[in-house]
Amino acid sequence: MSTPPSSPARGPFDPPGVEWRGVSPRLVAARLLVVSLWALVPFAAGIVLAVAVTPWCWVLAAAALVGVCWAGWLVPRQVRATGYAERADDLLIRRGIMFRSLVVVPYGRLQYVDVEAGPVAARFRIAQVQLHTASPATDAAVPGLAPDDAARLRDRLAARGEARLAGL
Amino acid sequence: MSAGSQPADGTGLEWRRVHPVTALVRGWTVFAALAVVVAQQSSDDLLAGRGLGVPAHFGTILLGLAAVAVLGLGWSAVSWRCTTYAIDDDSVHLRTGVLFRQQRKARLDRLQAVDVVQPLVARLVGLAELRLEVAGGGDSAIRLGLLRVGETDALRNELLARAAGVRAARAAAAVPAVPPAAAVPGVPPAAAAPERPLLEVSPGRLIWSLVRSGAFVLFVLGALALAAVTAGTRQTVLLVSLLPAMLGILGYAFSRFSREFGFRSAISPDGIRLRHGLLESRAQTIPPGRVQAVRLTQPLLWRDRDWWRVEVNVAGYGRGGQDGESSSVLLPVGSREDAVRTVWLVLPDLGTPDPVDLLDEALAGSGAGPHGRFTVSPRAARWLDPWAWSRDGFAVTGRALLLRGGRLVRRLVLVPHERTQSVGLEQGPLQRRLGLASVLVHSTPGPVAPQVPHLRAADAAALVDAQAARAREARAHDVPERWMAPGPRPTPEDPT
């Protein structure tokens with residue numbers, strides 16, 4: 001289930017000595033479902049308008065379809081590129097293919113940790129662990145964990161944070 | 001109706017009320033706003049040529065105003081009765097709300113800043129508000145007020161002394177330095193920590209700095225263009241439609257002038273003291289170790305005078321509107337020497353043998369510098385940042401990370417290692433082609449967002465890794481939150 005994410009050529013996003021853990025492949029299905037639901041609105045609207053008003057509206061429906069196909073190509077790769085690693089003193093999260101990012105969150109800076117699961121995510125039995133520091137700029141979330149894993153990760157993070165907490 | 005104390009309740013806390021005039025002063029602003037609206041309406045009527053309408057409406061309007069004033073005052077009086085505060089050794093308690101009661105408790109060791117704010121009206125009657133900033137985000141400050149000016153000062157000193165952890169030591173202190181308006185009955189008042197004035201910004205320099213700001217230049221250019229167009233076309237449509245925007249720019253300049261007027265900074269064992277304000281005056285105290293990041297900026301037009309502006313992130317001040325904006329300024333305008341001294345306020349020890357030299361290089365230099373202390377963007381970065389690529393860079397000292405950037409508007413950000421929240425590394429598709437990456441250091445909300453764009457990818461990765469380790473190391477040796485607790489910290493020597 002937790003397969004290590006495909007490791008592209010060793011670069012700045014692959015610090016030495018870090019063992020990455022991947023996220024659940026069910027995240028692909030969950031994200032694609034959300035994208036499809038969103039695309040359904042312009043798709044349906046495009047068809048109705050094309051039949052009723054002008055054939056130009058087929059463009060809208062086609063665009064929605066292309067969007068879904070593109071997401072179908074992109075999302076699995078994105079999910080494979082998402083990973084996290086627990087080091088002795090900090091948590092590393094990396095994600096993205098085109099726009100890649102890596103964030104290092106020291107346990108001692110954690111103010112609180114959320115486990116979130118929306119209706120779609122809950123259906124696919126995945127949850128997201130969201131980390132909060134005193135900085136709103138810290139954009140650190142581990143999506144697509146099995147609910148048990150998510151709860152365990154949250155507890156581990158909370159315990160380590162407490163042990164190392166040092167004010168602001 | 002007295003500001004006296006209420007009998008203690010079961011918690012052993014002594015609840016006190018704020019000054020009764022608070023109700024009047026707070027109610028007054030609502031009344032004034034209403035009066036302005038009414039005045040505007042009637043002047044509109046006047047302009048529309050409908051005459052004054054005095055006989056028909058005047059009585060009704062007056063009656064309405066009086067009714068609103070009475071209602072407003074009544075409400076203020078009730079809410080005044082419901083507002084009480086108490087302090088104990090570890091925390092401040094505040095109870096507010098008439099229908100929705102709220103009791104707020106702030107721990108003193110989490111205090112980020114203590115401000116004494118005097119709005120114009122309160123100033124006229126000799127009252128002030130005490131604001132205790134804690135890092136709760138949003139509207140988390142505790143506002144005690146209004147109180148008499150002597151009372152706010154005594155209370156501030158008392159709270160700072162308790163927050164610093166010097167209460168026990170003070171029991172022996174003999175001479176009370178404050179008048180008998182003691183903040184807490186039964187406890188000898190805390191003396192104000194001795195302070196040493198550091199800098200003062202003269203009104204002349206402040207005005208010049210505003211005249212040389214981008215907003216004012218925009219205003220002048222706009223005014224000239226507008227005058228030319230109006231004179232050329234003999235049409236006033238453009239003039240009338242753009243006038244509000246022009247006045248807006250002037251208003252911005254004036255509000256900045258008014259906020260930063262009479263700026264004075266000082267250092268005391270309780271931390272940094274700032275005083276400023278023309279209409280609304282503000283006296284801030286930022287205890288040691290509360291500044292999360294510092295930014296020095298120099299707009300293009302300040303360069304020939306070598307003027308700098310210093311702003312900080314303090315958790316609690318946040319980004320919030322004008323309040324946050326005016327509180328986060330550590331030096332509105334000053335020479336380079338002033339700016340360096342202001343940095344010394346925050347970071348008395350920069351962790352390098354020649355701090356002034358390093359700061360000079362960080363402020364005005366470019367490239368790696370004679371000692372190779374700066375790691376700068378490689379040549380490849382010129383495609384993404386043709387102007388500033390050779391200035392974009394960072395240097396590391398024993399105590400802080402220095403992030404340099406900007407060619408036209410020069411910028412330097414300092415982040416004490418122990419204040420690093422988390423570190424990020426980012427790379428877009430173009431950057432990847434060029435072998436570059438950007439580093440972000442996350443700080444608490446405020447005007448400063450520390451980052452270095454377009455570093456060599458290997459440098460960026462090394463910085464992220466090393467900075468996480470340095471932050472961890474520095475936190476282990478951080479100033480304690482109760483900054484006076486183990487014994488007075490030696491006040492470092494002034495560099496000048």
Side-chain angles (χ1 to χ4, degrees), chain A residues 8-18 20 74 77-78 81 83-113 130-142 157 160-168, chain B residues 109-110 112 134-137 289-290 292-293 313-316 318-319 418-429 431-432 435-446 449-451 455-465 467-469 471-476 478-481:
Chain A
R10 224 170 165 68
F13 292 89
D14 211 358
V18 172
W20 292 99
L74 183 70
R77 301 181 60 208
Q78 265 182 343
Y84 68 100
E86 293 169 67
R87 291 202 296 196
D89 295 289
D90 38 35
L91 183 82
L92 275 59
I93 301 173
R94 77 169 180 191
R95 62 158 182 257
I97 298 171
M98 279 260 273
F99 295 89
R100 305 173 68 185
S101 79
L102 168 79
V103 60
V104 182
V105 188
Y107 299 133
R109 302 272 99 172
L110 283 175
Q111 300 290 328
Y112 60 100
V113 182
Q130 175 84 46
L131 284 66
H132 297 271
T133 68
S135 165
T138 303
D139 179 20
V142 188
L157 291 175
R160 286 176 193 161
E162 209 153 295
R164 292 172 182 77
L165 184 65
L168 281 180
Chain B
D109 57 352
R110 290 298 156 98
Q112 301 296 319
V134 287
R290 261 62 171 180
Q292 308 276 335
N313 280 358
V314 171
R319 219 185 292 269
E418 64 271 22
R419 297 284 161 262
T420 312
Q421 293 291 337
S422 57
V423 192
L425 179 67
E426 286 182 358
Q427 190 180 49
Q431 284 183 314
R432 185 155 57 253
L436 307 171
S438 302
V439 174
L440 290 88
V441 178
H442 302 134
S443 179
T444 56
Q451 58 168 312
L455 286 173
R456 196 175 281 117
D459 290 344
L463 175 62
V464 166
D465 209 43
Q467 192 56 28
R472 186 163 63 241
E473 179 65 22
R475 275 196 296 279
D478 197 3
V479 189
E481 289 206 308

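Letters go in sequence order (proteins before strands), and every chain restarts at 1. Here the structure is a predicted model, which is why all the values come from computation and not from measurement. All values below were derived from every heavy atom in this structure, side-chain atoms included, with hydrogens, water molecules and symmetry-related copies excluded.
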Q) Checking heavy atoms, do the side chain of Arg87(A), its backbone, both or neither come under 4.5 Å from chain B? A) side chain
Q.
Show, in sequence, the C-alpha distance, side-chain angles and deciding distance for Arg475(B) and Asp89(A), and conclude whether the salt bridge (charged side-chain N to carboxylate O under 4.0 Å, His left out) test is met.
A. CA-CA 12 Å; Arg475(B) 275 196 296 279; Asp89(A) 295 289; over 6 Å; no
Q.
Looking at chain A, which one of Thr420(B), Asp109(B), Asp459(B), Leu440(B) has the largest number of heavy-atom pairs inside 4.5 Å, strictly under?
A. Thr420(B)
Q: Would you check if there is a donor-acceptor pair between the side chains of Ser422(B) and Thr133(A) at a distance under 3.5 Å?
A: no
Q) Between Leu131(A) and Arg109(A), is any pair of side-chain heavy atoms under 4.5 Å apart? A) no
Q: Specify which of Ala471(B), Ser443(B), Ala437(B), Ala468(B) makes the most heavy-atom pairs with chain A at under 4.5 Å.
A: Ser443(B)
Q.
Could you tell me if the side chain of Leu110(A) sits less than 4.5 Å from the side chain of Arg160(A), heavy atoms only?
A. no
Q | chain B contacts, top residue of Ala140(A), Ser101(A), Ala137(A) (heavy-atom pairs, under 4.5 Å) | A | Ala137(A)
Q) Using a distance-only test with no angle check, is there a side-chain donor-acceptor pair under 3.5 angstrom linking Ser438(B) and Gln431(B)? A) yes
Q | Contact class of Arg290(B) relative to chain A, heavy atoms under 4.5 angstrom | A | neither
Q) Any side-chain heavy atom of His442(B) sitting closer than 4.5 Å to one from Val103(A)? A) yes
Q: Specify which of Gly428(B), Pro429(B), Ala461(B), Gly424(B) makes the most heavy-atom pairs with chain A at under 4.5 Å.
A: Pro429(B)
Q. Side chain, backbone, both or neither: which part of Ala458(B) has a heavy atom under 4.5 Å from chain A?
A. neither
